[in-house]
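The structure appears below as structure tokens.
Whatever order the structure lists ligands and atoms in, that order sets their numbers, starting from 1.
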Amino acid sequence: MTVLGTGLDTASPEYAENRAALLAKLDELAAEQAKAVGGGGEKYVERHRKRGKLLARERIELLLDPDTPFLELSPLAAWGSDYQVGASLVTGIGVIEGVECLITANDPTVRGGASNPWTLKKALRANEIAYANRLPVVSLVESGGADLPSQKEIFIPGGALFKDITRLSAAGIPTVAVVFGNSTAGGAYVPGMSDHVIMVKERAKVFLGGPPLVKMATGEESDDESLGGAEMHARTSGLADYFAVDEPDALRQARRVVARLNWRKAHADPPIADPPKYDEDELLGIVPGDLKVPFDPREVIARLVDGSDFDEFKPLYGPSLTTGWARLHGYPVGILANAQGVLFSEESQKAAQFIQLANQRDIPLLFLHNTTGYMVGKEYEQGGIIKHGAMMINAVSNSRVPHLSVLMGASYGAGHYGMCGRAYDPRFLFAWPSAKSAVMGPQQLAGVLSIVARASAAAKGQPYDDEADAGLRAMVEQQIESESLPMFLSGRLYDDGVIDPRDTRTVLGQCLSAIHTAPYEGARGGFGVFRM
Ligand code: COA
């Protein structure tokens, strides 16, 4: 065993300061998450209950094995937009009859569960996760379909939802739809495309067009039940495989369907692992409120991995990136963690080598972000920093082992890419409330804009207004700062959620377990041309 030591002084004022700053951010986060849980607000929740219906999260709770955790994904979707936080949809990973499934549930208390552009992004991301990790999908359906005022943004791309369901099915990944209410027009294709369909008596409404539309189209008089009720679909159309007498019965039947899937994970579960030697609670005191102050990522690794046991790779070479091998909840992982923030040529080459090794050995990779990007300046350009950064990005892009990313602090510039940012398809990406991500820091960005504007004025022979420049800089700085924050980025689905640092080991353990449902093999070759 190579157990990491710790230099973290939990009695120091810095520790107390860092901890207090993170706790304050966690409070803000909790307030926003509560909005998602609150759905459409008291009035609509009350009305929903009066109709004898369960809330989306209550349905999920009854679906899951008792006392098992639910890893909710993208809970802050739509944050900062005109739509309700959470985007009228709950998605996540939970265990049903011992099977890890991807679950989605419409929240009918928010605009009738209608889908807006953020709902669509969130649903497509959930499908992507199910596909990559081969997780059976259970959809708990009750939705008003497209959010009509925003139809222009969702109608055409939204077709992918139904394509995804049948492609999952074609890949042998089971899909189950449980219909609790409205599932009309395009929504009818959720049960229509699913492998297994359960409908709730006198509640499910599954038709291409409701009675008013039918009247308009053909003049026919009809009613909800005869057009698309559960009983009609179970007895007559055959769209429903199972007829449930009420909501709990539907959820019970969904559990039975999953129990009979004969679903097996590609990899056996590892034995119960040792916890880290150090308290996870101390993760709150490591990242400084001011991200310019560096911190040692080994202090984080020591609180995440089994037994705090970490074999560092090339510790003396490229020390601004820590790389090494560990286990997390029993799963082997290779870790790349930024130490001093900046990535130099040595760090980039070391990363490329390390990523190739992980691929040769079929070991998943965990990227812990705290980077301001690749080093700039004459010396570094002449030393080939572009070639070396490209080498790292090439290795990350063409690596075939599963990747996990956690944004702990800064994640700026191409450093975000090299460390497997969102566009590099990590299987999961989470942010701590302390994280910030943007093309560069707000001050730097505002400064660059100002230098460019000044040069442009000089080229035209115009005078430069310094007072206006200061005002503009302050405004740009503030804008970029707010757009770099985790809640903003999470709202746009640029991560799978903002998590409490203390939950990181648990969340990553759940992700690793989900990942091991699907087979994977590292790239033995197949990298792009490495520029030497
Ligand atoms: N787009 C935008 N807003 C919608 C919506 C949609 N598709 N469906 C419902 N809403 C809004 C309603 O206008 C209402 O807003 P308000 O409370 O501010 O007046 C709120 O969501 C709740 O709807 P309500 O009709 O009161 O809820 P309900 O539970 O009684 O009925 C539905 C829910 C979904 C059955 C019903 O609203 C409906 O039929 N919606 C239209 C369905 C449709 O045809 N969609 C197009 C499919 S592509």
Counting each atom of ligand 1 from 1 as listed, which ones have a heavy atom of [X] under 4.0 Å away?
X: G144; answer: 7 (N), 34 (C), 42 (C), 43 (C), 45 (N), 46 (C), 47 (C)
X: Y44; answer: 16 (P), 17 (O), 18 (O)
X: R51; answer: 28 (P), 29 (O), 30 (O)
X: A114; answer: 1 (N), 5 (C), 6 (C), 7 (N)

**Prompt:** Is the closest heavy-atom distance from Q151 to ligand 1 below 4.0 Å?
**Reply:**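 Not so, Q151 does not reach ligand 1.
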**Prompt:** Does ligand 1 have an atom under 4.0 Å from some heavy atom of G186?
**Reply:**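 Judged by the 4.0 Å heavy-atom criterion, G186 does not count as contacting ligand 1.
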[atom] [closest protein heavy-atom partner, distance rounded to 0.1 Å]:
atom: atom 38 (C) of ligand 1; answer: N182 ND2, 4.8 Å
atom: atom 24 (P) of ligand 1; answer: R47 NH2, 3.6 Å
atom: atom 33 (C) of ligand 1; answer: G112 CA, 4.4 Å
atom: atom 9 (C) of ligand 1; answer: R111 O, 3.6 Å

**Message:** Could you check, using the six-membered ring where one of them is a Trp, whether F367 and H403 have ring centers closer than 6.0 angstrom?
**Reply:**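 Centroid distance F367-H403: below 6.0 Å, so yes.
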**Message:** Can you confirm if the aromatic rings of H267 and Y520 lie within a centre distance of less than 6.0 Å?
**Reply:**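 Yes; H267 has its ring centre under 6.0 Å from that of Y520.
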**Prompt:** Between F428 and F430, how do the two ring planes meet: parallel, tilted or perpendicular, split at 30° and 60°?
**Reply:**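 Plane angle under 30°, so parallel.
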**Parallel, tilted or perpendicular: ring planes of H516 versus Y331, cut at 30 and 60 degrees** =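 Rings of H516 and Y331: parallel, under 30°.
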Under-4.0 Å heavy-atom contact with ligand 1, by part of [X] that carries it:
X: D147; value: both
X: H48; value: neither
X: K53; value: neither

Would [X] count as being in polar contact with ligand 1, using the rule that some N or O on each side must be under 3.5 angstrom apart?
X: A146; result: yes
X: S143; result: no
X: T184; result: no

Going by atom types only, do [X] and [Y] share a side-chain donor-acceptor pair under 3.5 Å?
X: D496; Y: S74; answer: no
X: D147; Y: Q151; answer: no
X: S150; Y: N116; answer: no
X: K265; Y: S513; answer: yes

**D500 vs L284, side chain to side chain contact (heavy atoms under 4.5 Å, CB included): CA-CA, chis, key distance, verdict** = CA-CA 9 Å; D500 185 327; L284 290 180; 4.1 Å; yes
**Item:** Member of K201, R59, K53 meeting the side chain to side chain donor-acceptor pair (under 3.5 Å) criterion with E247
**Value:**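 That would be R59; it is the only one of K201, R59, K53 passing the side chain to side chain donor-acceptor pair (under 3.5 Å) with E247.
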**Prompt:** Any idea which of A185, G187, G113 brings a heavy atom closest to atom 48 (S) of ligand 1?
**Reply:**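 Nearest heavy atom to atom 48 (S) of ligand 1 lies in A185.
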**Request:** Kindly identify the option in V110, N106, L148 whose heavy atom sits closest to atom 1 (N) of ligand 1.
**Result:**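 Answer by nearest heavy atom: L148.
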**Request:** Taking only Lys NZ, Arg NE, NH1 and NH2, and the carboxylate oxygens of Asp or Glu, determine whether E46 and K43 approach each other closer than 4.0 Å.
**Result:**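 Judged by the 4.0 Å cut-off on N to carboxylate O distance, E46 and K43 do not form a salt bridge.
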**Asked** Do the charged groups of E142 and R203 touch, with an N to O distance under 4.0 Å?
**Response**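 Judged by the 4.0 Å cut-off on N to carboxylate O distance, E142 and R203 do not form a salt bridge.
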**Message:** If you apply the rule salt bridge (charged side-chain N to carboxylate O under 4.0 Å, His left out), what do you find for K35 with E32, and how did you get there?
**Reply:** CA-CA 5 Å; K35 287 185 191 164; E32 297 307 313; 3.1 Å; yes
Could you check whether [atom] has a protein contact, counting only heavy atoms that fall below 4.0 angstrom?
atom: atom 31 (O) of ligand 1; result: no
atom: atom 22 (C) of ligand 1; result: yes
atom: atom 36 (C) of ligand 1; result: no
atom: atom 43 (C) of ligand 1; result: yes
atom: atom 13 (O) of ligand 1; result: no

**Prompt:** Does the pair C420 and S405 meet the rule for a side chain to side chain contact (heavy atoms under 4.5 Å, CB included), with working shown?
**Reply:** CA-CA 7 Å; C420 199; S405 272; 3.8 Å; yes
